[in-house]
Amino acid sequence: MNTPALPVISLKIERRSNHPWIFQKMVVKPDAKPKPGSIVDIVDNTGKWVGRGFYNGHSRIALRVLTEDADEAVDEAFFARKIADAVALRRQALRLDETTDAWRVVHSEGDGLSGLVVDRYGDLLVVEFFSAGAFRHREWVYAALREQFPGCRFYSFSEEHVQKQESFDFRAPPAPEPSLITENGLKFRASPGSGHKTGFFADQRDNREFLARFTAGKRVLDICCNSGGFAIYAKARGGAGEVIGIDLDEEILEVAEKNARLNEAKIKFVQADLFHYLRDAHQRGEQFDVVVLDPAKLTRDREQVIPALKKYNDMNKLAMQVVSPGGILLTCSCTGLVSEEEFLDMIRRAAFYSGRTVQVLKVAGAGGDHPFMAHVKESRYLKAVFCRVL
C-alpha cells in the first residue's frame, strides 16, 4: 500500500546549510497552508528535494528538518528509532544508570528531534514541547518512550510563550506526585509542575560533583540555590564546614530544605534578593571560601542580550567581592543567547570592577546527556565557569 504523498514546501533559496531550522523569510508561502506541525517534504528554489520535517506557517522557524535522507519516512517508527538511539547513548555510552536515575532522555536538536525535550526522574518522564510538530505527534513520542521505560509515568507541558509562538494550545495536567531520585549517592525530590520547570536540574550534575572537590571544611555560599543541589553536594559530599543557600523564591526553598533533610545535611537557607544580600555581606566584611552563582535564564529575546550581560556583570561583581582571597567562584549562565565568549568577557569585566583578579580553572557546560550537534550551536546553552578569585 502506497503512503500518501506529503505536502511540499518550497524554499526561496538554494539549500546550502545542514542546520535543521529554516526561517519563514526563506520559505515560499504555500497556497494551501498545512496545519502547524505537519510533516512535509522540502524542495529548494531549483526544485531539488532537500529534506523532510515539521512545517509551521505561524512560527518564525517555518521548517524543522528531521531527515535529509529521501528514503527515510518521518513516522512512528522514525520516532521510536530516534528515541531508542538517544536512550542507548545515555545508558550504554555514558552509563548514567550507574550513578543516577535522573537524566535527560531527549535533548531536542542534539538528538535529532527538534522541539522535543524529555527528562527522566526515576519512573517519571517529563515531556516538554517546544514545537507544534513535536506536540502534534506526541502519541508517537509517548509510545516510543513506553517502549524504553516500561511502566513509566508521564507529565507533559509546554510554556505559554512557546504555545503562542508555535500556535498550539496545551493545558498541562495537574502536577504528578514528586519523584525521589538518586544522584551520586545523594537523594533529591523532583517536583515537576510545581511552577519550577521540570523540578530538578540534571544538567548541572557533573558541575555539582566537581564543585564538591573544593568544599572540605570550607564556608560555602550558594546564590540562587533553587532546590539546593550545589549546597547539598558541598555539605553532604564535599564535607563543607558551613553552607548557606539563598533564593528569592520561598516555595523552592521549602523544597531545598526537604532535600537537605533527605541527605542529613545541615544547611542554612535564607529567602533573600541576591543583590541586597551580597551588598550587606560585603559591607559587613563577610567572606566565603566557595561561592556558587547560578541564576535563572535572564532573557529569551535577542534584543535583551546587552541588558542581560549588564545584569550578569552586576551580580558577578558583587559575588566576587565576598569570595575570600584564593577562594573559588563557580559562576553559571543558562541563557542560551549569551555565548561562552560573551560570558567569559563579562567575568573579565566584573573582576576589573570588583578590584579582583580571576584565574579560570575550568569552563564547563551541561553533562553528556545534553549533547549538541556541531552544526547546531543553539542546543548548547549552559556555561559553568570555575574560577579562583585572588
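What you see is a predicted model; the values in this text were computed from it and never measured.
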CA sep, side-chain torsions, deciding dist, call: Asp85, Arg81, salt bridge (Lys or Arg N to Asp or Glu O under 4.0 Å):
CA-CA 6 Å; Asp85 285 348; Arg81 189 166 59 252; 5.8 Å; no
Could you walk me through whether His370 and Leu382 pass side-chain contact (heavy atoms from CB on, under 4.5 Å), step by step?
CA-CA 10 Å; His370 294 66; Leu382 181 64; over 6 Å; no
What do the steps show when you test Lys383 against Ile347 for side-chain contact (heavy atoms from CB on, under 4.5 Å), and what is the final call?
CA-CA 12 Å; Lys383 284 76 61 181; Ile347 292 171; over 6 Å; no
After noting the C-alpha distance and the side-chain angles of Asp345 and Arg348, does the key distance pass the salt bridge (Lys or Arg N to Asp or Glu O under 4.0 Å) rule?
CA-CA 5 Å; Asp345 187 57; Arg348 176 189 63 78; 2.8 Å; yes
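Within the 4.5 Å cutoff, the side chain of Pro30 has heavy atoms near those of the Tyr55 side chain. Counting heavy atoms from C-beta outward, Phe188 and Val255 have side chains that stay 4.5 Å or more apart. For the pair Arg189 and Asn259, the minimum side-chain heavy-atom distance is below 4.5 Å. Between Ser131 and Phe54, some side-chain heavy-atom pair lies under the 4.5 Å cut-off. Side-chain contact check for Leu361 versus Phe214: some heavy-atom pair is nearer than 4.5 Å. Asp123 is not listed as a side-chain neighbour of Phe149, based on a closest heavy-atom distance of 4.5 Å or more. By the 4.5 Å heavy-atom criterion applied to side chains, Leu11 and Leu63 are counted as neighbours. Looking at Glu159 and Arg300, their side chains come closer than 4.5 Å, going by heavy atoms from C-beta outward.
Considering only residues two or more places apart in sequence or on other chains, Arg146 meets the salt bridge (Lys or Arg N to Asp or Glu O under 4.0 Å) condition with none of them. With sequence neighbours excluded, the residues forming a side chain to side chain contact (heavy atoms under 4.5 Å, CB included) with Lys311 are Phe275, Leu298, Met315, listed by chain and number. Remark: Asn263 engages no residue in a side chain to side chain donor-acceptor pair (under 3.5 Å) (not counting sequence neighbours). Partners of Tyr142 according to the ring pair (Phe, Tyr, Trp, His ring centres under 6.0 Å) rule, which considers only residues two or more places apart in sequence or in another chain, are Phe154.
For Arg138 and Phe135, the positive end sits near the middle of the six-membered ring, less than 6.0 Å away and at most 45° from its axis.
Within a 6.0 Å sphere centred on CZ of Arg171, other residues, nucleotides and ligands contribute 12 heavy atoms or fewer. The number of heavy-atom neighbours closer than 6.0 Å to CD of Glu72, taken from other residues, nucleotides and ligands shown, is above 12. When the shell of 6.0 Å around NZ of Lys33 is examined, it contains more than 12 heavy atoms from other residues, nucleotides or ligands.
In terms of hydrophobic clustering, with Ile, Leu, Val, Met, Phe, Trp and Tyr side chains grouped at heavy-atom distances under 4.5 Å, Val323 and Leu330 are assigned to different clusters. Linking ILVMFWY residues whenever their side-chain heavy atoms come closer than 4.5 Å, directly or via other members, places Phe288 and Leu293 in the same cluster. Phe343 and Val360 fall within a single hydrophobic cluster, where Ile, Leu, Val, Met, Phe, Trp and Tyr side chains are chained together by heavy-atom contacts under 4.5 Å.
Defined by atom type and a distance below 3.5 Å, a donor-acceptor pair is present between the side-chain atoms of Asp44 and Thr46. Side-chain contact, Asp75 with Trp140: no donor N or O sits under 3.5 Å from an acceptor N or O. With 3.5 Å as the limit, one finds a donor-acceptor pair spanning the side chains of Gln204 and Asp294. Checked by atom type, the side-chain pair Ser59/Glu166 shows a donor-acceptor distance below 3.5 Å.
Applying the salt bridge (Lys or Arg N to Asp or Glu O under 4.0 Å) test to every pair with at least one member in residues 231-247, sequence neighbours left out, gives these pairs: Glu209-Arg237, Arg219-Glu242.
Ion pairing between a basic and an acidic side chain is recognised when a charged N comes within 4.0 Å of a carboxylate O; Glu177 and Arg153 show no such pairing.
For the residue pair Gly193 and Ala175, the shortest heavy atom distance occurs at O-CB, 3.7 Å. The minimum heavy-atom distance between Phe269 and Ala260, with the atom names listed, is CE1-CB, 3.9 Å.
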Tell me which donor-acceptor pairs under 3.5 Å the side chains of residues 107-118 have, and how far apart each pair is, sequence neighbours excluded?
unit_1: His107; atom_1: ND1; unit_2: Arg104; atom_2: NH1; d: 3.1
unit_1: His107; atom_1: NE2; unit_2: Ser379; atom_2: O; d: 3.1
unit_1: Ser108; atom_1: OG; unit_2: Gly115; atom_2: N; d: 3.0
unit_1: Glu109; atom_1: OE2; unit_2: Trp21; atom_2: NE1; d: 2.8
unit_1: Glu109; atom_1: OE2; unit_2: Ser114; atom_2: OG; d: 2.6
unit_1: Asp111; atom_1: OD1; unit_2: Arg90; atom_2: NH1; d: 2.9
unit_1: Asp111; atom_1: OD2; unit_2: Arg90; atom_2: NH1; d: 3.3
unit_1: Asp111; atom_1: OD2; unit_2: Arg90; atom_2: NH2; d: 2.8
unit_1: Asp111; atom_1: OD2; unit_2: His107; atom_2: N; d: 2.7
unit_1: Ser114; atom_1: OG; unit_2: Arg64; atom_2: NH1; d: 2.9

